[in-house]
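One structure is given here, and the rest of the page talks about it.
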Amino acid sequence: MKLILHIGTPKTGSTTIQNFLKLNRNLLDSESILVPKTISTNDGNHRWASVFAYDNDFEDEFTKKIFTEGSKSREELIDEKFNEFKKEIAMSNANICIISSEHLSSRLRKIENIYKLKHLFNDFFEEISILLYIRKPIEAAISLLSTQIKTGQTPQGLDLEFFSNNLNNLKVIKNWENAFLKSNLRIKLFNKENFIDGDLIKDFCAECKIKYSKNFKTHKRSNETLNLDQMKYLKYLNQYFPLLKKNKLNKKRRNLTRFIIENFQSSNQFLPTKDQYRLFEKHFAIDNHYIKKEYFSDKKQLWSTYKKEFAEQENILDQLSKREIEFLNSIKKLWYTNN
């Protein structure tokens with residue numbers, strides 16, 4: 001069986017891809033394509049794949065949730081899950097297995113962990129190819145900023161250092177190159193202009209040798225970037241409704257993000273200033289040169305030309321009028337009362 005390991009990167013439509021795979025698991029199975037259930041979370045993300053390769057003391061929000069104190073140790077739970085996965089593979093007659101999780105690229109940052117995963121998967125896959133979509137850094141940074149606000153954070157704006165450390169295309173590519181060789185990597189640019197028919201799912205299907213069918217179920221786009229008004233309003237309310245309270249999910253925050261998204265539709269977008277844009281371009285110039293040279297030598301330029309306007313000031317997320325603040329304070333009071 002051949003394995004296609006889709007590793008993201010983050011902010012490149014992975015949630016949409018995972019929804020597609022989950023919704024069409026049975027139809028894909030009939031075409032000899034296995035989308036494993038045993039290592040998947042409810043949203044279709046194969047989170048357990050990265051857990052198998054973690055260091056024993058590595059923690060993230062997922063491990064904190066699943067490795068709570070109980071009768072079984074962390075090691076026992078991982079062994080149990082891995083054995084379930086091996087059994088699922090052994091019982092399948094599929095020719096191709098597809099595993100998808102952006103956490104493979106965002107969590108497995110050490111080459112040792114990637115080698116560990118490779119060693120585990122080599123036992124039952126004849127061939128492994130790595131598929132990753134990468135996004136223009138400034139665009140990915142804006143999408144990440146939106147996600148931070150959705151999850152209750154109050155970021156000041158585009159943080160180049162944070163972004164470079166956490167969503168760095170070249171670092172991901174280099175790590176997986178070292179473990180699997182360049183010939184095993186298939187890198188795609190996350191840009192509608194580069195997708196087949198401008199459709200991410202059709203593009204993904206082509207990369208995975210899946211014959212696209214009208215019978216496929218599709219899900220509306222997931223985890224879309226907030227517009228500027230939504231970002232400003234939600235960031236303000238995040239001061240009073242953090243995601244966690246005493247290390248537990250804050251019940252007072254329940255449905256707040258959804259409320260803001262549904263009630264504040266706007267064409268206004270968060271835009272970088274010209275200086276911010278130039279800073280990102282300069283910082284990632286060498287990285288982009290390497291990626292273009294090694295993987296996209298036929299293209300005149302790696303990324304599409306920037307066609308949007310620029311913001312005049314960097315602190316735009318904190319620019320709220322007196323009337324807006326009064327309105328948001330009213331929402332805050334109502335939310336406290338009704339949640």
Side-chain angles (χ1 to χ4, degrees), residues 1-50 84-85 87-106 121 124-136 139-140 143 146-147 150 184-226 258 261-262 265 304:
M1 187 186 296
K2 176 182 177 180
L3 171 64
I4 298 175
L5 196 60
H6 170 238
I7 65 170
T9 51
K11 315 315 304 176
T12 57
S14 296
T15 303
T16 298
I17 288 171
Q18 288 151 18
N19 281 331
F20 165 76
L21 292 173
K22 178 184 175 182
L23 286 170
N24 297 284
R25 180 180 277 120
N26 292 337
L27 190 56
L28 291 170
D29 187 60
S30 68
E31 298 295 327
S32 296
I33 297 172
L34 172 66
V35 180
K37 289 183 180 180
T38 53
I39 59 173
S40 174
T41 52
N42 291 334
D43 58 2
N45 188 335
H46 291 111
R47 285 296 299 267
W48 278 95
S50 57
E84 290 175 5
F85 174 59
K87 184 177 179 181
E88 184 178 20
I89 297 296
M91 293 179 65
S92 173
N93 294 316
N95 298 319
I96 296 174
C97 175
I98 300 176
I99 292 175
S100 173
S101 178
E102 64 275 22
H103 295 88
L104 289 163
S105 60
S106 66
F121 284 173
F124 26 82
F125 294 114
E126 299 171 1
E127 180 184 341
I128 301 175
S129 61
I130 311 302
L131 174 61
L132 66 154
Y133 284 82
I134 60 173
R135 191 170 185 176
K136 189 172 183 177
E139 294 177 357
S143 184
S146 170
T147 297
K150 282 183 180 180
N184 295 104
L185 265 66
R186 290 149 58 188
I187 301 176
K188 298 283 294 181
L189 300 180
F190 185 80
N191 188 313
K192 200 169 184 179
E193 296 175 8
N194 295 294
F195 299 156
I196 293 176
D197 295 334
D199 189 309
L200 172 62
I201 295 303
K202 287 185 179 180
D203 195 79
F204 178 80
C205 286
E207 288 299 315
C208 296
K209 310 301 180 186
I210 298 171
K211 186 176 180 180
Y212 189 83
S213 169
K214 293 181 179 179
N215 294 324
F216 282 146
K217 298 176 183 177
T218 56
H219 194 282
K220 67 178 182 179
R221 288 181 60 186
S222 305
N223 201 20
E224 292 195 39
T225 300
L226 299 173
R258 177 52 49 195
I261 291 174
E262 290 179 351
Q265 297 295 319
S304 301

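These numbers come from the heavy atoms of this one structure, side chains and all, not from hydrogens, waters or symmetry mates. Computed from a prediction, not measured in an experiment: that's the story for all the values here.
Within the model, atoms CD1 of Ile134 and OG of Ser105 stand 11.5 Å from one another, a figure rounded to the nearest 0.5 Å. In this structure, CD1 on Ile39 lies 7.5 Å from CD on Glu88, to the nearest 0.5 angstrom. Here CE of Met1 is found 4.0 Å from OG of Ser92. Values are rounded to the nearest 0.5 Å. Atom CD1 of Ile99 sits about 14.0 Å away from atom CH2 of Trp48, to the nearest 0.5 Å. A distance of 6.5 Å separates OG1 in Thr12 from CD1 in Ile17, rounded to the nearest 0.5 Å. Note: His6 NE2 to Leu21 CG = 9.0 Å, rounded to the nearest 0.5 Å.
Scanning both residues, Pro36 and Ile98, for their nearest heavy atoms gives CD-O, 3.3 Å. Between Glu193 and Ser304, the closest heavy-atom pair is OE1-OG, 3.0 Å. Pairing each heavy atom of Ile89 with each of Cys97, the nearest pair is CD1-SG, 4.2 Å. Heavy atoms only, all atoms of each residue included: Phe20 and Lys217 are closest at CD1-O, 3.9 Å. Taking all atoms of both residues into account, the shortest heavy-atom contact from Leu189 to Asn194 is CB-ND2, 3.8 Å. Nearest heavy atoms, Phe216 versus Lys211: CE1-O, 3.6 Å.
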As a quick check of understanding, evaluate side-chain contact (heavy atoms from CB on, under 4.5 Å) for Ser106 and His103, giving each step before the final call. CA-CA 5 Å; Ser106 66; His103 295 88; 4.0 Å; yes
Tell me, with the steps shown, if Cys208 and Ile96 meet side-chain contact (heavy atoms from CB on, under 4.5 Å). CA-CA 9 Å; Cys208 296; Ile96 296 174; over 6 Å; no
Under the side-chain contact (heavy atoms from CB on, under 4.5 Å) criterion, do Lys188 and Leu131 qualify, and how do the steps go? CA-CA 8 Å; Lys188 298 283 294 181; Leu131 174 61; 4.0 Å; yes
Between Ser101 and His46, does a side chain to side chain donor-acceptor pair (under 3.5 Å) hold up when you go through it step by step? CA-CA 5 Å; Ser101 178; His46 291 111; over 6 Å; no
Worked verdict on Asp199 versus Tyr212 for side chain to side chain donor-acceptor pair (under 3.5 Å): CA-CA 11 Å; Asp199 189 309; Tyr212 189 83; 4.9 Å; no
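Here Phe195 and Phe204 keep their ring centres 6.0 angstrom or further from each other.
The environment of Glu126 atom CD is sparse: at most 12 non-hydrogen atoms of other residues, nucleotides or ligands sit within 6.0 angstrom.
When atom types are taken as modelled, the side chain of Arg25 and the backbone of Val35 share a donor-acceptor pair closer than 3.5 angstrom. With Asn45 contributing its side chain and Thr41 its backbone, the two residues share no donor-acceptor pair below 3.5 Å. For Thr147 (side chain) and Ser143 (main-chain N/O), a donor-acceptor pair under 3.5 Å exists by modelled atom type. For Glu31 (side chain) and Ile210 (main-chain N/O), no donor-acceptor pair under 3.5 Å exists by modelled atom type. For the pair Glu84 (side chain) and Thr38 (backbone), a donor-acceptor distance under 3.5 Å is absent.
Of the candidates Leu34, Ile128, Ile130, Leu3 forms a side chain to side chain contact (heavy atoms under 4.5 Å, CB included) with just one, namely Ile128. Checked options Arg47, Lys11, Gln18; the residue passing with Glu102 is Gln18 (criterion: side-chain hydrogen bond (donor to acceptor under 3.5 Å, both in side chains)).
Relative orientation of the Phe121 and Phe125 rings is perpendicular, given thresholds of 30° and 60° on the angle between their planes.
Under the 4.5 Å side-chain criterion, counting only non-hydrogen atoms from C-beta, Thr218 is not in contact with Leu23.
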